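Data block below; observations after.
Heavy atoms only: backbone and side chains are in, while hydrogens, waters and symmetry mates are out. Small disclaimer: the values here were computed from a predicted structure and weren't measured. Counting begins at 1 with the first residue of the sequence.
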Amino acid sequence: MPKAKATPKSKTAKTPKTPKTRTDPRGRFVWYELLTSDPDAARRFYGAIVGWGTRAWEGDASYVMWTNNDEPLGAVMALPAEVKQAGIPPHWLAYVGTPDVDATAKQAKTLGGKVLKAPVDIPTVGRFAVLADPQGAVFAAFTPLGETPGHDGPPQRGEFSWVELATTDHTAAFDFYHALFGWQKTDAMDMGEAGVYQMYGRKGRSLGGMFNKPPEMPGPAWLCYAMVASADAAAEKVKTLGGKVLNGPMDVPGGGRIAQCLDSQGAAFAVHSSATG
């Protein structure tokens, strides 16, 4: 989310809960933020791969929003100095909606997670916190001041269509997120020796999956999938633009295709194309 500007009440003020007349944001992915070593190069890379436009946030021109059909869905920003000093490489950070980010952060700690950045206000926007689950995967929680970004319907081209957790204990991880955000188990897929791929979601729609990663895979970490016209064409373009294809392109159940990649600065992401185009 945009960098919080210091205000006299920034340490104590809380964002009002979203009125009941608005769509309940709890458990929905609402924002996707890329923290990177070269924001300008990242803008060119993802513009070519996914087709996103960009627009500077009016509160801070260094915080540039990704747009799809002129609708903001996330942002790109330079890695903060404290993140670089900690040796954390470029990465995507997914934000999950909650009606009370302070309560969510407190609950995350009681469930065995960590608060990496305590809840803080973004004037005129909302309030957010950066958290880690008990296995170490990092995510953010966000309470908006106004309407919640995104929507509850099926993902459209240029939006994120799937958010996947590679972890060391997907059963324990699911229990954590179920308690925190109310996620429900949807489908599950037996991957043989690789174990079970457990899908999760809300309001009857799957949002992503969780699985136990092999020892050689980095993580635990979340991986965000962007929907494109062709995963195969996008994977080829990733390579020509200085990124890497880690896995795929390959078929997935339902007739779609995916490829898991690194962008030109080393941040992990994935592309997904549906069977219907």
Side-chain angles (χ1 to χ4, degrees), residues 1 14-20 22-33 74 91-122 126-145 148-153 155 160-191 195-213 217-225:
M1 278 286 157
K14 293 186 178 181
T15 297
K17 291 185 178 180
T18 304
K20 292 181 180 179
R22 292 198 179 110
T23 301
D24 178 10
R26 183 178 183 236
R28 176 154 62 81
F29 288 99
V30 297
W31 198 250
Y32 302 85
E33 189 174 83
H91 61 278
W92 281 92
L93 180 65
Y95 285 68
V96 186
T98 176
D100 186 340
V101 70
D102 292 77
T104 296
K106 182 178 180 180
Q107 185 183 17
K109 288 181 67 175
T110 66
L111 293 170
K114 293 181 180 179
V115 177
L116 304 181
K117 183 178 181 66
V120 63
D121 289 321
I122 310 164
R127 189 168 172 85
F128 80 102
V130 181
L131 312 172
D133 67 26
Q135 289 71 46
V138 178
F139 64 100
F142 173 63
T143 299
L145 271 173
T148 307
H151 60 85
D152 285 315
F160 285 96
S161 57
W162 199 252
V163 189
E164 183 177 84
L165 177 63
T167 186
T168 53
D169 187 340
H170 75 80
T171 301
F174 174 81
D175 290 344
F176 171 84
Y177 290 104
H178 170 70
L180 204 64
F181 296 126
W183 288 346
Q184 301 292 329
K185 291 182 179 179
T186 54
D187 296 328
M189 183 170 59
D190 187 346
M191 300 189 296
V196 173
Y197 188 86
Q198 179 63 61
M199 287 164 253
Y200 67 92
R202 66 189 290 270
K203 297 187 175 182
R205 186 171 72 82
S206 291
L207 301 175
M210 302 179 181
F211 66 98
N212 288 349
K213 69 179 189 66
M217 178 184 286
W222 287 97
L223 181 66
C224 304
Y225 287 68

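Formation of a donor-acceptor pair under 3.5 Å by the Trp222 side chain with backbone atoms of Ala137 is not found in this model. At least one donor-acceptor pair closer than 3.5 Å links the side chain of Thr143 to the backbone N or O of Val101. Side chain of Gln107 to main chain of Ala179: a donor-acceptor pair is present (N/O by atom type, distance under 3.5 Å, no hydrogens or angles).
Atoms CE and CG, on Met210 and Asp133 in that order, are 8.5 Å from each other to the nearest 0.5 Å. Rounded to the nearest 0.5 angstrom, Lys114 NZ and Lys109 NZ are separated by 11.5 Å. A distance of 5.5 Å separates CG of Asp169 from CD of Gln135, quoted to the nearest 0.5 Å. Here the straight-line distance linking atom CZ of Arg28 with atom NZ of Lys203 works out to 7.5 Å at 0.5 Å rounding.
With a 4.5 Å cut-off on side-chain heavy atoms, Tyr197 and His170 do not count as touching. Proximity of Leu207 to Tyr200: side-chain heavy atoms (C-beta onward) are separated by under 4.5 Å at one or more points. Contact annotation: the side chain of Val120 approaches that of Phe128 to within less than 4.5 Å [non-hydrogen atoms, C-beta and beyond]. Put simply, the side chain of Val96 does not reach to within 4.5 Å of the side chain of Tyr177, judged on heavy atoms. Residues Leu131 and Thr104 are in side-chain contact: their nearest non-hydrogen atoms beyond the backbone lie under 4.5 Å apart. The side-chain heavy atoms of Cys224 and Phe29, taken from C-beta on, include no pair separated by under 4.5 Å.
The minimum heavy-atom distance between Phe176 and Pro134, with the atom names listed, is CD1-CD, 3.4 Å. Between Phe142 and Pro149, the shortest heavy-atom contact is CE2-CD, 4.1 Å. Residue Thr148 comes nearest to Pro144 through the heavy atom pair OG1-CG, 3.5 Å, listed as atom of the first residue, atom of the second, then distance. The shortest heavy-atom contact between Thr167 and Ala173 is CG2-CB, 4.3 Å. Pro99 and Pro25 make their closest contact through N-CG, 4.4 Å (heavy atoms, listed as atom of the first residue, atom of the second, distance).
Of the candidates Val130, Leu180, Leu116, Phe139 forms a side chain to side chain contact (heavy atoms under 4.5 Å, CB included) with just one, namely Leu180.
Residues satisfying the ring-ring contact (aromatic ring centres under 6.0 Å, His included) criterion with Tyr32, sequence neighbours excluded, are Phe160. Under the ring-ring contact (aromatic ring centres under 6.0 Å, His included) criterion, Phe174 pairs with His178, sequence neighbours left out.
For residues 204-213, the pairs satisfying side-chain hydrogen bond (donor to acceptor under 3.5 Å, both in side chains) are Thr186-Ser206, with sequence neighbours left out.
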